[in-house]
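Keep in mind that what you see is a predicted model, and the values were worked out from it rather than measured. Letters A, B, ... mirror the listed sequences (proteins, then strands); counts begin at 1.
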Number of protein chains: 2
Amino acid sequence: MEAQVLKSTVSPVLRPAAHAGTFKNALLNALDAGGIARLQLHPVKFELGHDIEYPERLIENLYFIEDGMASMTTTFQDGSQVEVGMFGYKSVIGVSALMGTKRSLNRVYTQIAGSGYSCPVETARREFALGGSFQRLALGYVQAQLVQVIQLAGCNATHNFEQRLARWLLICADRARCDTFKMSQDFLSGMLGSTRSTMSITAAQFKQENLIEYARGTIHILDKKGLEKRACECYCVVEDYLDNYMQYDGGIPA
Amino acid sequence: MEAQVLKSTVSPVLRPAAHAGTFKNALLNALDAGGIARLQLHPVKFELGHDIEYPERLIENLYFIEDGMASMTTTFQDGSQVEVGMFGYKSVIGVSALMGTKRSLNRVYTQIAGSGYSCPVETARREFALGGSFQRLALGYVQAQLVQVIQLAGCNATHNFEQRLARWLLICADRARCDTFKMSQDFLSGMLGSTRSTMSITAAQFKQENLIEYARGTIHILDKKGLEKRACECYCVVEDYLDNYMQYDGGIPA
DNA sequence: ACGCTTATGTAAGGTAGCCCACAGTATCTG
DNA sequence: CAGATACTGTGGGCTACCTTACATAAGCGT
């Protein structure tokens with residue numbers, strides 16, 4: 001079965017390749033077989049740089065990432081963009097459509113190419129309305145997204161560039177289950193709301209301490225433990241929540 | 001009918017004073033009479049400084065503010081707190097309990113004393129499960145909260161202290177429908193992730209331009225239009241969304 | 001009235017990070 | 001292979017902001 005490439009306009013209805021319990025996406029994996037069947041999942045590829053959501057554009061599908069990573073950004077009036085969220089195999093993109101929003105407010109686009117599944121918004125709405133495990137999982141993920149952005153808002157107000165860069169690298173590696181990614185310093189500094197010259201200096205420090213290595217648009221993480229020491233606590237807070245929120249019947253540990 | 005003071009432990013079941021369509025709280029006001037009746041609303045007073053939610057503590061009630069303002073903060077390991085959200089008469093506090101979370105992750109506490117209604121979590125969960133207008137309103141508000149925090153995360157990464165202070169003052173005035181509030185410079189600078197000395201200088205500038213006046217822990221806004229010019233766009237983005245999200249069947253304008 | 005606490009003004013010194021500019025080099029393109 | 005483009009290093013000047021410290025004054029309790 002061919003995976004649908006996101007950029008194509010044709011979208012024949014295909015059955016998902018995997019069955020309940022065999023998905024790489026954590027949410028799909030936690031869903032029962034009936035829910036999987038009803039969602040009409042559809043394999044997709046996420047190509048580097050592709051816009052999954054775009055401001056003002058209708059949200060037509062939910063996306064479940066299996067491999068790769070996507071960023072959500074806010075665009076300011078002067079055109080600058082700052083990252084406000086990261087999606088990976090523990091995420092579902094487009095849940096705001098389930099909260100009554102029709103058009104996206106932020107840009108979401110592929111940072112690390114990969115693949116996953118799509119699901120038509122209307123199908124997802126119907127499944128959500130059933131009030132079963134899909135609703136529970138979707139709401140749990142919304143809460144997880146909220147926790148992440150809240151922590152990020154505090155982090156951006158408080159922590160310095162070095163801490164935030166280390167945090168970003170670690171979260172990116174976790175989301176994409178991958179220690180190497182194509183990403184120029186220029187680009188990444190912008191995501192963090194900073195500048196290339198600041199980035200260059202900090203990256204050089206990390207490189208000199210063998211925490212990372214990089215060359216012409218490719219970053220490779222060498223020492224996660226070392227980076228954790230340089231990162232702010234926000235990394236642990238976010239990752240701990242994401243790792244655990246599904247294990248406790250949708251709540252955090254008692 | 002006596003309003004229940006939040007700090008009391010006794011909470012006799014009382015009927016709300018107002019009926020559907022007569023509430024000052026925007027969400028309650030949008031709810032149908034049946035929903036209002038089923039929610040078992042209970043008048044409460046919010047006393048200055050009172051903790052409405054606290055990290056790790058069970059969320060027992062949802063709160064609908066009618067007057068006053070509450071802040072949500074993140075607490076870092078070093079004990080410092082930064083504001084990550086503001087609640088007022090267009091808000092409901094505790095929706096994360098509807099998303100499957102049992103215990104609060106952040107502190108939410110009264111910044112400007114006021115009053116409102118409480119609703120037991122289990123009652124709210126039952127009403128939510130009905131899938132009617134309460135569910136629609138609650139989900140819409142979750143989305144609104146997400147929009148706000150997302151904007152804040154970007155704002156904190158990009159905009160300078162002066163812009164953010166002006167934004168904060170304007171949003172506070174909107175949330176509380178009130179241009180005067182008790183709040184020391186020291187305290188407010190901390191909320192914004194900055195320091196008192198920075199705050200003192202910026203506040204003096206605003207004062208000199210007759211945008212605000214203040215004395216010993218009381219701030220008074222004199223010129224909103226003037227402050228808007230000093231604030232970043234984040235103020236408008238957030239307020240526009242809050243003002244409009246309920247008018248379009250839960251979605252943003254088509 | 002007296003001291004205590006709290007709120008604010010102010011100032012010096014230090015630093016992180018911004019802006020700008022230029023240089024070197026790797027990759028890509030025709 | 002020549003030129004164009006993209007990625008990174010580096011340096012200088014500048015500013016916002018932090019840290020610390022001290023001074024003043026208003027409110028508060030006794």
Requested in this report: For the residue pair B:Tyr141 and B:Phe87, categorise the inter-ring angle as parallel (less than 30°), tilted (30 to 60°) or perpendicular (more than 60°).
Outcome: tilted
Report task. Run through A:Thr75, A:Asp51, A:Thr74 and flag the one making a side chain to side chain donor-acceptor pair (under 3.5 Å) with A:Arg107. Result -> A:Asp51
Query - Under 3.5 Å: donor-acceptor pair, side chain of A:Gln151, backbone of A:Gln148 - result: no
Query raised in the report: If you draw a 6.0 Å radius around CZ in B:Phe76, do more than 12 non-hydrogen atoms from other residues or ligands fall strictly inside?
Result: yes
Query - Contact list for DNA chain D against residues 150-168 of chain A - heavy-atom distance below 4.0 Å - result: none
**Report entry** Strand contacts (DNA chain C) in residues 197-207 of chain A, 4.0 angstrom heavy-atom criterion
**Finding:** A:Ser197, A:Thr198
Query raised in the report: Is there a donor-acceptor pair closer than 3.5 Å between any side-chain N or O of B:Asn25 and the backbone N or O of B:Ser91?
Result: yes
Query raised in the report: Hey, can you pull the residues of residues 182-195 of chain B with a non-hydrogen atom under 4.0 angstrom from DNA chain D?
Result: B:Gly193, B:Ser194, B:Thr195
Query raised in the report: Please walk me through it: do B:Ser194 and B:Met199 pass side chain to side chain contact (heavy atoms under 4.5 Å, CB included)?
Result: CA-CA 7 Å; B:Ser194 184; B:Met199 175 74 186; over 6 Å; no
Query - side chain to side chain contact (heavy atoms under 4.5 Å, CB included) assessment of A:Leu105 paired with B:Gln143 - result: CA-CA 11 Å; A:Leu105 286 155; B:Gln143 173 68 12; 4.1 Å; yes
Query raised in the report: Can you name the residues that form a salt bridge (charged side-chain N to carboxylate O under 4.0 Å, His left out) with B:Arg196, not counting sequence neighbours?
Result: none
Using the 3.5 Å cut-off, write out each protein N or O paired with an N or O of nucleotides 22-30 of chain C and the distance between them.
residue	atom	partner	partner atom	Å
C:dA26	N3	A:Arg216	NH2	3.1

Query raised in the report: So, B:Asp78 side chain and B:Ser80 main chain: donor-acceptor pair closer than 3.5 Å or not?
Result: yes
Report task. Just do the side chain to side chain contact (heavy atoms under 4.5 Å, CB included) check on A:Leu165 and A:Phe206 with the steps written out, would you? Result -> CA-CA 10 Å; A:Leu165 175 59; A:Phe206 283 180; 3.9 Å; yes
Requested in this report: List the steps and the verdict of side chain to side chain contact (heavy atoms under 4.5 Å, CB included) for A:Ile219 and A:Leu188.
Outcome: CA-CA 10 Å; A:Ile219 301 178; A:Leu188 180 48; 3.9 Å; yes
Query raised in the report: Does B:Asp174 pair with B:Lys90 as a salt bridge, N-O distance under 4.0 Å?
Result: no
Requested in this report: Write out the stems for DNA chain C, ordered by first number and formatted as range with range, counting runs of at least 3 consecutive Watson-Crick or G-U wobble pairs under 3.5 Å.
Outcome: C:1-30 with D:1-30
Query raised in the report: Does a nitrogen or oxygen in the side chain of A:Tyr214 sit under 4.0 Å from OP1 or OP2 of D:dG9?
Result: yes
Report task. Would you please say whether a donor-acceptor pair under 3.5 Å links the side chains of A:Ser184 and A:Asp186? Result -> no
Query - Among A:Arg175, A:Gln111, A:Met72, the one residue meeting side-chain contact (heavy atoms from CB on, under 4.5 Å) with A:Met86 - result: A:Arg175
Query raised in the report: When the aromatic ring centroids of A:Phe23 and A:Tyr117 are compared, is their separation below 6.0 Å?
Result: yes
